[in-house]
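It should be emphasised that the depicted structure is a prediction, and the values quoted were computed from it without experimental measurement.
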Amino acid sequence: MINYKKSLVFLLLPLSVCFSSCGSHCEVVNYEVPKEAVCTLSFFGNKYEAANVKVIEDIINGYMEQNQDISVTYESIRGSGYFDALSNKEQTGNLDDIFMVDHDTALEFANNESLADLSELVEYVPFSDSMLSQMTSGDGSIYWVPATVSAFGLYCNLDLLHKHGQKVPQTLEEWKEVCAYFVSKGITPIVANNDISLKTIVVAVGFYPFYEAGLQQEVFDKINGGEEKLSSYLSDGFALLREFCDEGFIDPAQALKTEKIADDLELFVQGESPFMLTGVWAAGMVKGMKPDFAFRVVPYPVREDGSVLVINPDVRLSVAAQGENEALAKDFAGYFLKSENLWRLADNQSSFCPLDDQYEPSLAEVQEIAEIYKKQEPVIGSDSHMQFPVWELLTDASQRLLAGKEFGELMEWMDAQVVKDGE
């Protein structure tokens with residue numbers, strides 16, 4: 001590759017340059033552009049927090065220092081608006097060179113032949129076997145690669161629990177007893193958001209038994225093929241959520257309007273509720289908000305004899321198929337996947353590394369999660385063996401439950417969506 005040494009200029013573009021489908025959530029968080037660069041790669045992602053973006057910037061800068069005839073721009077949109085914008089780009093033929101996907105968008109885009117095969121990258125990256133099984137499609141192609149493995153957990157306000165003579169729950173019965181105690185004191189014990197809080201509890205309850213037995217692919221194949229219903233596995237999880245709402249452990253009206261990694265964190269750091277359900281990656285954000293109490297994040301205590309850890313491959317990178325910069329985009333993705341880059345990104349997000357190594361997050365508040373991750377077979381919230389948009393489906397189902405949808409009708413509706421998407 002021709003090497004031109006260029007000076008860098010740093011630009012922060014105004015919100016007005018964003019396309020209209022972004023809405024009010026659109027932010028251009030960083031652009032670093034060499035003057036007269038031979039080629040510019042566009043990178044679109046949903047990581048917008050300043051600390052996350054700083055790590056991504058550093059990775060981009062490292063790549064540009066080695067390839068000074070290439071510039072890389074990074075644009076980010078906050079919240080669910082990101083995937084709306086990403087779908088709009090795909091439908092209009094305007095996908096960026098590199099972008100972040102989730103289970104549902106990867107499934108849709110692969111079916112539309114919009115994603116490049118990244119199998120060649122995997123030959124040089126020591127991914128763990130569990131992550132390899134997730135990213136490999138039915139035809140053997142690889143359309144996305146994970147940069148982190150996220151987890152979900154129960155945030156516990158240790159000072160508030162201690163003040164009331166309560167302990168961090170280890171089992172479902174203990175959790176219910178602690179929650180009932182706080183309800184008796186006029187306190188809603190669990191802060192929950194309208195997205196990942198509820199659906200990850202549902203999959204923890206419903207999927208753990210066959211994950212523990214190593215039967216997940218067999219079960220998901222039957223659901224995909226219509227031999228079994230999704231509700232036959234998840235009804236117990238939804239029933240537990242309904243019980244938590246009925247008992248006052250969760251305020252459904254409050255949860256329905258509580259946005260993840262925003263409203264929920266603000267509510268929790270007020271120190272009035274002992275628990276919060278959300279992603280472990282928010283632990284650093286919570287600590288940065290300087291709450292006046294100590295906290296710890298633990299796996300979901302939803303079993304009679306213990307807890308369940310729910311994870312997801314996260315920061316999933318894809319490359320646009322047949323784009324003019326496809327080869328360079330793959331080269332950048334390969335650089336992004338260097339061990340030192342993934343370790344730093346994972347630690348920044350209190351997450352795990354997708355590589356076959358012994359890395360674990362350094363944040364003290366998530367060490368119990370890290371220990372369980374090494375010992376227990378975790379449940380994957382949006383397992384790639386599910387050939388339907390499960391992540392969005394479970395969000396919708398959870399919100400319908402919060403809104404008071406009749407339970408039987410809710411389960412029938414959910415099963416109908418799986419059949420519809422499988423047709």
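Note on Glu340 versus Arg344: no salt bridge recorded, every NZ/NE/NH1/NH2 to OD/OE distance being 4.0 Å or above. Using a cut-off of 4.0 Å between Lys/Arg side-chain N and Asp/Glu carboxylate O, Arg400 and Glu409 are scored as not salt-bridged.
Here the CG atom belonging to Leu198 is positioned 9.5 Å from the CG atom belonging to Leu256, to the nearest 0.5 angstrom. In this structure, the separation between CD on Glu212 and CZ on Arg303 is 6.0 Å, given to the nearest 0.5 Å. Rounding to the nearest 0.5 angstrom, the gap separating the CD atom in Glu227 from the CD atom in Glu218 is 9.5 Å. For the atom pair CD of Glu326 and CD1 of Ile98, the computed distance is 11.0 Å after rounding to the nearest 0.5 Å. In this structure, Lys287 NZ and Met289 CE are separated by 15.0 Å, a value rounded to the nearest 0.5 Å. Note that the OG atom of Ser128 and the CG atom of Asp356 stand 6.5 Å from one another [nearest 0.5 Å].
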Item to check | Derivation of the ring pair (Phe, Tyr, Trp, His ring centres under 6.0 Å) call for Phe43 and Phe332 | outcome: CA-CA 10 Å; Phe43 184 9; Phe332 171 73; 5.7 Å; yes
Next on the checklist: With side-chain contact (heavy atoms from CB on, under 4.5 Å) as the criterion, how do His103 and Glu392 come out once you've worked through the C-alpha distance, each side chain's angles and the decisive distance to 0.1 Å?
Outcome noted: CA-CA 9 Å; His103 171 279; Glu392 180 180 356; over 6 Å; no
Checklist entry - Given the rule in the side-chain contact (heavy atoms from CB on, under 4.5 Å) test, do Val310 and Val203 qualify, once you have shown the distances and angles that lead to the verdict? => result CA-CA 8 Å; Val310 180; Val203 299; 4.0 Å; yes
Item to check | Tyr48 and Asn52: CA distance, side-chain angles, deciding distance, side-chain contact (heavy atoms from CB on, under 4.5 Å) verdict | outcome: CA-CA 7 Å; Tyr48 61 89; Asn52 296 163; over 6 Å; no
Checklist entry - Going through the distances and angles, do Glu49 and Arg78 end up as a salt bridge (charged side-chain N to carboxylate O under 4.0 Å, His left out)? => result CA-CA 9 Å; Glu49 299 88 352; Arg78 176 177 181 171; over 6 Å; no
Item to check | Verdict with supporting geometry, Trp413 and Leu393, side-chain contact (heavy atoms from CB on, under 4.5 Å) | outcome: CA-CA 10 Å; Trp413 173 85; Leu393 173 58; 3.7 Å; yes
Next on the checklist: The test is ring pair (Phe, Tyr, Trp, His ring centres under 6.0 Å); show your working for Phe275 and Phe249 and say whether it passes.
Outcome noted: CA-CA 10 Å; Phe275 304 120; Phe249 301 169; 9.7 Å; no
Item to check | Step-by-step side chain to side chain donor-acceptor pair (under 3.5 Å) determination, Thr200 to Tyr300 | outcome: CA-CA 9 Å; Thr200 51; Tyr300 294 149; 2.8 Å; yes
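Side chain of Tyr211 to backbone of Ala204: no donor-acceptor contact under 3.5 angstrom is found. Remark: side-chain polar atoms of His385 are not paired, donor with acceptor, to backbone N or O of Gln134 under 3.5 angstrom. Under the 3.5 Å distance criterion, the side-chain polar atoms of Ser351 are matched with a main-chain donor or acceptor of Gln349. At least one donor-acceptor pair under 3.5 Å links the side chain of Gln387 to the backbone N or O of Ser384. With hydrogens and angles disregarded, no donor-acceptor distance shorter than 3.5 Å links the side chain of Gln270 to the backbone of Glu272. A donor-acceptor contact shorter than 3.5 Å is absent between the side chain of Ser87 and the backbone of Asp84. The closest donor-acceptor contact from the side chain of Glu371 to the backbone of Glu368 lies at 3.5 Å or more, if one exists at all. Put simply, the side chain of Tyr233 never gets that close to the backbone of Val219: no donor and acceptor are under 3.5 Å apart. Not one N or O on the side chain of Thr136 forms a donor-acceptor pair closer than 3.5 Å with the backbone of Gly140. Under a 3.5 Å cut-off, the side chain of Gln399 and the backbone N or O of Asn194 do form a donor-acceptor pair.
By the 6.0 Å contact criterion, CG on Asn111 is enclosed, its count of non-hydrogen atoms from other residues, nucleotides or ligands being greater than 12. Counting heavy-atom neighbours within 6.0 Å of Lys229 NZ, excluding the residue itself, gives a total of 12 or less. Within a 6.0 Å radius of NZ in Lys375, no more than 12 heavy atoms belonging to other residues, nucleotides or ligands are found.
Residue Arg296 forms a side-chain contact (heavy atoms from CB on, under 4.5 Å) with just one option from Leu154, Val168, Asn157, and that option is Val168. With respect to Leu265, the side-chain contact (heavy atoms from CB on, under 4.5 Å) criterion is satisfied by exactly one of Val286, Thr258, Asn193: Val286.
The two residues Leu402 and Pro252 make their nearest non-hydrogen contact at O-CB, 3.6 Å. In terms of heavy atoms, Glu360 sits closest to Ala370 at CB-CB, 4.2 Å. The heavy-atom pair separating Ala320 from Leu95 by the smallest distance is CB-CB, 4.1 Å. Scanning both residues, Ala85 and Ile77, for their nearest heavy atoms gives CB-CD1, 3.7 Å. Taking each heavy atom of Val72 and Met64 in turn, the nearest pair found is N-SD, 3.7 Å. In terms of heavy atoms, Trp343 sits closest to Cys353 at CD1-SG, 3.6 Å.
Ser114 and Asn112 form no side-chain donor-acceptor contact under 3.5 Å, judged by distance and modelled atom types alone. A donor-acceptor pair shorter than 3.5 Å cannot be found between the side chains of Asn67 and Tyr335. Side chain to side chain, Ser318 and Tyr143 fail the donor-acceptor criterion of an N or O pair below 3.5 Å. At a cut-off of 3.5 Å, with distance as the only test, a side-chain donor of Thr40 or Ser71 sits close to an acceptor on the other residue. No donor-acceptor contact under 3.5 angstrom links the side chains of Asn312 and Ser150, judged on distance only. For the 3.5 Å distance criterion, the side chains of Ser231 and Asp415 qualify, holding a donor opposite an acceptor.
Taking the six-membered ring wherever Trp is involved, the centroid distance between the rings of Phe44 and Tyr74 does not fall below 6.0 Å. Aromatic rings of Phe220 and Phe207 (six-membered ring for Trp) have centroids within the 6.0 Å cut-off, being under it. Between Phe99 and Trp144, the gap from one ring centroid to the other reaches at least 6.0 Å. Here Trp281 and Phe152 bring their ring centres to under 6.0 angstrom of each other.
Evaluation of the salt bridge (charged side-chain N to carboxylate O under 4.0 Å, His left out) rule for Asp314 yields Lys47 as partners, not counting sequence neighbours.
For the pair Lys199 and Trp391, the cation sits on the ring face: its NZ or CZ lies under 6.0 Å from the ring centre, inside 45° of the axis.
Counting only residues at least two apart or on different chains, the salt bridge (Lys or Arg N to Asp or Glu O under 4.0 Å) pairs with a member in residues 92-118 are Lys89-Asp96. Contacts classified as salt bridge (Lys or Arg N to Asp or Glu O under 4.0 Å) and involving residues 250-268 (residues at least two apart or in different chains) are given here: Asp195-Lys260.
Between Phe388 and Ile223 the shortest side-chain heavy-atom distance falls below 4.5 Å. Side-chain contact check for Pro301 versus Gln170: every heavy-atom pair is 4.5 Å or farther apart.
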